[in-house]
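Following: one structure in structure tokens, then a few remarks.
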Amino acid sequence: MDSYDAPESTPRQCASSRLKDYFIGATPLQKRLESVRKQTSFIPTPPRRKIPQCSPLQEDVDPQKFAFLLHKQWTLYSLTPLYKFSYTNFKEYSRLLNAFIAAEKQKGLAVEVGDDFNIKVIFSTLLGMKGTQRDPEAFLVQILSKSQLPSEHREGKVLWTGWFCCIFGDSLLETVSEDFTCLPLFLANGAETNTAIIGTWFQKTFDCYFRPLAINAFNLSWMAAMWTACKMDHYMATTEFLWSVPCSPQSLDISYAIHPEDAKALWDSVHKTPGEVTQEEVDLFMDCLYSHFHRHFKIHLSATRLVRVSTSVASAHTDGKIKILCHKYLIGVLAYLTELAIFQIE
Amino acid sequence: MSVLRPLDKLPGLNTATILLVGTEDALLQQLADAMLKEDCTSELKVHLAKSLPLPSNVNRPRIDLIVFVVNLHSKHSLRNVEESLHHVDATFFLGKVSFLATGAGRESHCSIHRNTVVKLARTYRSPLLFCDLEIGDFRVTMAQRLVRMLQICAGHVPSVSALNLLSLLQSSENPSLEDL
């Protein structure tokens, strides 16, 4: 099915292909953009992106399993490949991370591995959270508060959740050798201090690097178009955009809310090729919104910065915060975010 | 005169005039100030315009170099430049027009993809310069560069013409974009 190089291709081949890419100065994403922008219309423009569909792997999985991932605000990070990470050592990792967190929280005091304070760390895999068979399994880290009474073996409440995943990460998987596990997208929910501590532990143990993933206005308008294009049975939220106007002394915010069915109708009038979204369609969709606003308020929204996009499928903020509302398009949303994360790593 | 032509006026003695076109008033003003501070044997004149066409009732000298400034943070500035380009005569594009893209440093604020401006510059066969005009040092360097380009376009540098400079500046970085 896939015609990619087998994983046992020599590192030298990988290095030379990367060198060639670096030399020409175009990443695969830029190459794809260039091919879409060709003005000659004899060659049909290749599809820019597929509208997120249910991936065939996801249909085997019970949607209830991922219900806890929805309706939560996740902060996004991009993560370089993990060195010598193993899915079988989860118990060991839990113990080490537990001790590390305890040590950080009680800086200066000696801590033995095995002492529990009132928190517990759990590693678990998220089966089915992948785009193709080649993607590594996603896994989840949770910090739970343990109840003080040992007689009641109740699971405490979840204080912090973080999960690592890779959806359709083929462009990164091709270039990386066997010892590395590629899970470029990291999502965290919970206190910032916990995220920092866990990030430090992962960076020290697996020689990787976290970077906050910011989403610029260009990508936000892509998300708006792709999510409006998704077919939904019923809409649970209005489609809303938020722009930030750069002016002194403090910036103004402009919020624009549209009924989701009107947004879908506008998209359908702009959209031509079924199943794909092109750059021209995204630009036209946003230009329609801008010109409508200009006609009524005489404000050029195109001179401001798009900061937040919120639809019934998901909502995203430019600081790298995302909330997914619809389980049907979960994989599609994550696929786009994985692409952005890979782009940031490269 | 609604269309700018390069040779419709006589040149002033030892004078070189540059026209900066763009929606970002503050940045253009700062760039103009930086250019005027430069040491230069020719007398420099800097004109600023929000968009073309220029008002025809003003007496202005011959324009030697036009620089279109696009702010990557604002689609509005790109549209403005695209519309202004219609008011420039085709003979201007033989080395006397240049594009300047600002704001590429803050990736998170960009609403235009870099390739869009690259494509625009390729379509008009003109050089594209990237510079964050908000940062003082980069602005000074860019001002020096523009002054040099302006002197060549005004013919004040012996044995180098605007067309020579254009062919020198054509880079072979992205061969895949060459076939337009």
Side-chain angles (χ1 to χ4, degrees), chain A residues 21-27 29-40 42-43 48 76 211-222 224 243-248 251 279-280 282-283 286-287 289-291 293-294 299-307 317-320 340 343-344, chain B residues 21-30 50-51 69-85 101-125 128 130 132-134 170-180:
Chain A
D21 272 357
Y22 175 77
F23 189 72
I24 295 180
T27 64
L29 185 63
Q30 283 175 312
K31 282 202 194 111
R32 267 182 276 154
L33 255 182
E34 286 166 17
S35 59
V36 157
R37 297 180 158 286
K38 276 211 174 80
Q39 287 174 359
T40 56
F42 322 125
I43 317 157
R48 171 69 171 96
L76 298 170
R211 258 182 74 188
L213 182 66
I215 310 174
N216 63 20
F218 178 75
N219 290 319
L220 280 176
S221 53
W222 262 98
W243 282 273
S244 160
V245 183
C247 63
S248 56
S251 61
Q279 179 69 46
E280 283 78 17
V282 175
D283 284 340
M286 295 306 289
D287 282 342
L289 297 174
Y290 292 154
S291 55
F293 198 85
H294 179 68
I299 296 178
H300 286 284
L301 280 176
S302 47
T304 61
R305 182 167 77 108
L306 182 58
V307 155
H317 190 278
T318 191
D319 290 338
L340 291 182
F343 192 59
Q344 192 180 47
Chain B
V21 179
T23 51
E24 311 289 318
D25 300 327
L27 293 177
L28 291 190
Q29 188 65 52
Q30 287 174 325
K50 236 185 152 68
S51 68
V69 179
V70 175
N71 187 356
L72 289 179
H73 300 179
S74 144
K75 269 200 197 144
H76 180 61
S77 69
L78 181 65
R79 295 271 176 272
N80 182 50
V81 162
E82 281 172 356
E83 273 154 41
S84 302
L85 281 166
T102 180
R106 283 198 292 175
E107 176 63 32
S108 57
H109 286 233
C110 286
S111 58
I112 307 172
H113 199 277
R114 198 176 163 270
N115 275 14
T116 317
V117 267
V118 170
K119 194 86 171 176
L120 181 67
R122 291 268 166 181
T123 315
Y124 285 96
R125 302 282 192 266
L128 172 63
F130 282 95
D132 258 329
L133 289 177
E134 292 163 23
Q170 298 282 16
S171 65
S172 52
E173 264 182 7
N174 290 331
S176 51
L177 284 180
E178 208 71 61
D179 46 318
L180 262 178

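Just so we're on the same page: letters track the sequence lines, and every chain starts at 1. Computation of the quantities below employed the complete heavy-atom set of this structure, encompassing side-chain atoms and omitting hydrogens, waters and symmetry-equivalent molecules. Quick caveat, the model's predicted, so the values are computed rather than measured.
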Of the backbone (N, CA, C, O) and the side chain (C-beta and beyond), which part of Ala214(A) lies under 4.5 Å from a heavy atom of chain B, both, or neither? side chain
Residues Asp287(A) and Arg79(B): closest non-hydrogen pair is OD2-NH2, 3.1 Å
Can you see which heavy atom on Lys75(B) is nearest to which on Asp283(A), and at what distance? NZ-OD1, 4.0 Å
Heavy-atom distance under 4.5 Å between the side chains of Gln279(A) and Thr116(B), does that happen here? no
Nearest non-hydrogen partners of Ala217(A) and Ser111(B), listed with the distance: CB-CB, 3.5 Å
So, using ring-ring contact (aromatic ring centres under 6.0 Å, His included) as the criterion, who are the partners of Phe293(A) when residues are at least two apart? Tyr256(A), Phe297(A)
Which bit of His109(B) comes within less than 4.5 Å of chain A, counting heavy atoms only: side chain, backbone, both or neither? both
Enter the distance from Ser108(B):OG to Leu213(A):CG here, rounded to the nearest 0.5 Å. 11.0 Å
Quick check on Ser77(B) against chain A: is it the side chain, the backbone, both or neither that has a heavy atom closer than 4.5 Å? neither
Counting only non-hydrogen atoms closer than 4.5 Å, does Ser244(A) touch chain B with its backbone (N, CA, C, O), its side chain (CB onward), both, or neither? neither
Between NE2 of His76(B) and CD1 of Ile299(A), what distance do you get to the nearest 0.5 Å? 12.0 Å
Value for CZ (Arg106(B)) from CZ (Arg305(A)), rounded to nearest 0.5 Å, stands at 7.5 Å
